[in-house]
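Here is the structure we will look at, set down as structure tokens.
Both backbone and side-chain heavy atoms feed into the values below; hydrogens, waters and symmetry mates do not.
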Amino acid sequence: MRAIVKWTIRIMLALVLALVVVGLWKREEITRLWAVNTLFDDTRIVANFSNMERAFLTLPVPRGDGPMSPLPQGPEMTLPEGVATWIEARNVTSLLVLHDGRIVHERYLQGTQADDRRISWSVAKSFLSALFGIALAEGQIASLDDPVTRYAPQLQGSAYDGTTIRQLLQMTSGLEFDEDYLDYDSDINRMGRVLALGGTMDGFAAGLTARAADSGTRWKYVSIDTHALAMVLRGATGRDLPGLLSEHIIQPLGFEADPYYLSDGEGVAFALGGLNLTTRDYARFGLMVEQMGRYKGRQVVPEDWIRASTTPSAPTPEGALQYGYQWWMPEDARDGEVFGHGIYGQYIYIDRARDAVIVVTSADRGFREPGVKTGNIAMLRRIAAAP
């Protein structure tokens with residue numbers, strides 16, 4: 001009996017020791033997985049969205065050695081009635097309004113600061129769109145109607161085989177992909193765990209084989225399409241995304257802080273939602289788009305690309321928001337009214353007719369509730385129209 005007890009104790013000690021060794025060996029991965037699983041907790045979400053480097057691997061995007069471009073101050077605007085209630089209801093963390101290129105309102109809430117680099121989520125897609133316009137103008141991409149496999153051969157044999165670049169830009173790839181953020185086993189959450197555990201995003205995209213429709217026949221918002229676009233851009237240019245963004249966008253716009261991308265385990269940027277910027281730097285990008293690709297006298301992104309990418313072209317359902325090349329437009333959009341949008345309430349809203357750019361960062365856990373997105377756009381329109 002004593003021998004059995006002695007051996008049982010030894011086995012238990014060995015198991016405990018093994019668990020400790022594995023825990024130390026995989027400590028970084030375990031820490032990241034825990035951080036991801038608590039990323040959206042009510043008491044953590046605001047701080048997490050300003051400190052995403054705690055949960056994920058990251059890549060710097062150098063701002064360069066050039067001077068910071070000023071955003072001049074204008075007269076403080078009077079916000080329309082109901083904004084304070086909206087800010088509280090939507091858990092807004094920063095709100096910045098530009099009129100005529102000048103800051104007329106800037107506010108940081110819930111302990112956030114002006115120098116916080118806040119997660120973009122899908123607003124990052126609109127930054128990638130700008131890089132495509134530049135690559136197309138420089139001849140690195142021959143045509144938007146080229147098959148994606150011409151530049152990203154790793155996608156051969158996947159659900160993307162036979163899809164064109166234009167179809168990816170418009171979210172008409174036909175891929176079968178579950179983007180339910182509330183379902184632990186959804187495709188989007190499986191992708192998140194690949195990212196958090198240092199897996200390969202290229203491999204994840206190339207491993208998708210299920211189709212819901214033929215390419216180009218149906219619009220469906222599928223975030224992983226944007227990663228496939230990034231694979232195309234990297235293949236066409238022979239460069240990584242941080243380097244391209246730094247050279248073509250960040251440095252010409254004179255950002256005030258080095259952005260960073262979330263990264264997978266192979267050092268590949270999380271293109272579809274992993275960009276982290278200050279609120280003012282989001283505003284600089286929005287101002288460049290509002291000015292048809294020009295900034296401080298320089299044509300940063302070709303004007304014809306800005307026009308094409310921010311014009312409705314995807315076959316979105318009637319009565320729904322419209323879509324261009326990784327940009328959104330209201331159903332009844334005026335000419336020049338466009339926005340980048342990310343989950344949990346991130347926006348760059350642009351209204352050229354009113355010469356307005358509005359940046360909103362939020363930690364809105366109720367972002368998927370019925371009417372929230374349309375209510376947000378209605379409020380942004382009211383702010384843009386206010387004196």
Assess the residue pair L168 and V148 against the criterion (side-chain contact (heavy atoms from CB on, under 4.5 Å)); give the C-alpha distance rounded to whole Å, side-chain angles, the decisive distance to 0.1 Å, and a yes or no.
CA-CA 9 Å; L168 284 185; V148 298; 3.4 Å; yes
Step by step, work out the side-chain hydrogen bond (donor to acceptor under 3.5 Å, both in side chains) result for S50 and D116.
CA-CA 6 Å; S50 287; D116 284 4; 3.0 Å; yes
Which value, rounded to the nearest 0.5 Å, describes the distance between [X] atom [atom1] and [Y] atom [atom2]?
| X | Y | atom1 | atom2 | value |
| --- | --- | --- | --- | --- |
| R354 | I358 | CZ | CD1 | 10.0 Å |
| I377 | E331 | CD1 | CD | 12.5 Å |
| L208 | L175 | CG | CG | 5.5 Å |
| T279 | R118 | OG1 | CZ | 7.5 Å |
| R102 | D355 | CZ | CG | 10.0 Å |
| Y347 | N376 | OH | CG | 4.0 Å |

Please answer whether the main-chain N or O of [Y] pairs with a side-chain N or O of [X] as donor and acceptor at a distance below 3.5 Å.
| X | Y | answer |
| --- | --- | --- |
| R90 | F367 | no |
| D161 | Q156 | no |
| Q326 | L169 | yes |
| N91 | A363 | yes |
| Q299 | P302 | no |
| S215 | G174 | no |
| T310 | I306 | yes |
| R63 | F255 | yes |
| K373 | H341 | no |

[X] and [Y]: side-chain donor and acceptor closer than 3.5 Å?
| X | Y | answer |
| --- | --- | --- |
| S94 | T361 | yes |
| Y181 | N189 | no |
| K220 | T172 | no |
| D145 | T164 | no |
| S69 | Y295 | yes |
| E53 | Y260 | yes |
| Q170 | S313 | yes |
| E179 | S186 | no |
| Q346 | Y344 | no |
| T112 | T93 | no |
| Y349 | E337 | yes |

Would you indicate whether the side-chain heavy atoms of [Y] and [X] approach each other to under 4.5 Å?
| X | Y | result |
| --- | --- | --- |
| L229 | L272 | no |
| L233 | F132 | yes |
| R307 | T311 | yes |
| Y282 | S120 | yes |
| L241 | V61 | no |
| L136 | L144 | yes |
| V83 | M379 | yes |
| H248 | E138 | yes |

Check [Y] with [X], please: is the shortest side-chain N to carboxylate O separation under 4.0 Å?
| X | Y | value |
| --- | --- | --- |
| D180 | R368 | yes |
| R280 | E106 | yes |
| R284 | D281 | yes |
| R334 | D351 | yes |

Work out which heavy atom in [X] is nearest to a heavy atom in [Y]; give both atom names and the distance.
| X | Y | answer |
| --- | --- | --- |
| D264 | L57 | O-CD1, 3.7 Å |
| L155 | A228 | CD1-CB, 4.1 Å |
| A205 | S158 | O-CB, 4.3 Å |
| Y108 | L96 | OH-CD1, 4.4 Å |
| V357 | A283 | CG1-O, 4.2 Å |
| T278 | D115 | CG2-O, 4.0 Å |

Who pairs with W305 by ring-ring contact (aromatic ring centres under 6.0 Å, His included), at least two apart in sequence or on another chain?
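Residues passing ring-ring contact (aromatic ring centres under 6.0 Å, His included) with W305: Y325.
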Steps toward side-chain hydrogen bond (donor to acceptor under 3.5 Å, both in side chains) verdict (Q140, T237)
CA-CA 6 Å; Q140 294 164 319; T237 63; 5.6 Å; no
The test is side-chain hydrogen bond (donor to acceptor under 3.5 Å, both in side chains); show your working for Q251 and S246 and say whether it passes.
CA-CA 6 Å; Q251 295 186 49; S246 173; 3.0 Å; yes
With ring-ring contact (aromatic ring centres under 6.0 Å, His included) as the test, would you mind laying out the steps for W327 and F339 before giving the verdict?
CA-CA 6 Å; W327 284 97; F339 62 96; 8.7 Å; no
Intermediate values then yes/no, side-chain hydrogen bond (donor to acceptor under 3.5 Å, both in side chains), D225 and Q167
CA-CA 9 Å; D225 281 2; Q167 289 162 351; over 6 Å; no
For the ring pair Y221 and W328, is the centre-to-centre distance below 6.0 Å?
yes
So R211 and E176, side-chain contact (heavy atoms from CB on, under 4.5 Å) or not? Walk me through it.
CA-CA 5 Å; R211 302 192 58 82; E176 180 65 53; 5.7 Å; no
W86 vs L79, test: side-chain contact (heavy atoms from CB on, under 4.5 Å). Steps then yes/no.
CA-CA 12 Å; W86 171 74; L79 293 173; over 6 Å; no
Take D202 and R234 through the salt bridge (Lys or Arg N to Asp or Glu O under 4.0 Å) test and state the conclusion after the steps.
CA-CA 11 Å; D202 287 0; R234 285 161 33 217; 2.6 Å; yes
Distance under 6.0 Å and angle within 45° of ring axis: R190 vs F204:
no
